[in-house]
Enquirer: 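Provided herewith is a single structure, encoded as structure tokens, for subsequent inquiry.
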Amino acid sequence: MKPLPVSVALLALFLAASYQDLAVAAADADADGVGSGAPVLDSVCEGKCKNRCSQKVAGRCMGLCMMCCGKCAGCVPLGPLAPKDECPCYRDMKSPKSGRPKCP
């Protein structure tokens, strides 16, 4: 009957470690100003990004927009020429190498 207490102890350690990883990831997202914690459906982002990228070459624009939309909890400026000020998270995301805006 010894395996049961050992199994329970290992399970408790695993759950504690998992919770700590989630807490650290949430704190990192909050510190970056990116993400609100709520997952966004790809279909929501796809529709918004199709509208945003309607006047651009779709491949690269759609890929970047989908990434930005997911990280910004679904916030994408409403049209192809809409100002990025509608979504501060979207506006403030920068490329780490060049420092240029990441989101189209």
Enquirer: Donor-acceptor pairs under 3.5 Å, side chain of residues 83-94 to any protein atom, not counting sequence neighbours: which ones?
Expert:
from, atom 1, to, atom 2, distance (Å)
K84, NZ, C103, O, 2.5
D85, OD1, R91, NH1, 3.1
E86, OE1, L78, N, 3.0
Y90, OH, P104, O, 2.6

Enquirer: Using modelled atom types and a 3.5 Å cut-off, is there a donor and acceptor pairing between side-chain atoms of R52 and backbone atoms of A82?
Expert: yes

Enquirer: Could you check whether any side-chain heavy atom of M67 comes within less than 4.5 Å of a side-chain heavy atom of K102, counting everything from C-beta outward?
Expert: yes

Enquirer: Could you note down all residue pairs passing side chain to side chain donor-acceptor pair (under 3.5 Å) where residues 40-49 supplies at least one of them, sequence neighbours left out?
Expert: none

Enquirer: Given C61 and C49, is the disulfide (SG to SG under 2.5 Å) satisfied, shown in steps?
Expert: CA-CA 8 Å; C61 181; C49 288; over 6 Å; no

Enquirer: For the pair S54 (side chain) and N51 (backbone), establish whether a donor and an acceptor sit closer than 3.5 Å, ignoring hydrogens and angles.
Expert: yes

Enquirer: Using a strict SG to SG cutoff of under 2.5 Å, would you count C45 and C65 as disulfide-linked?
Expert: no

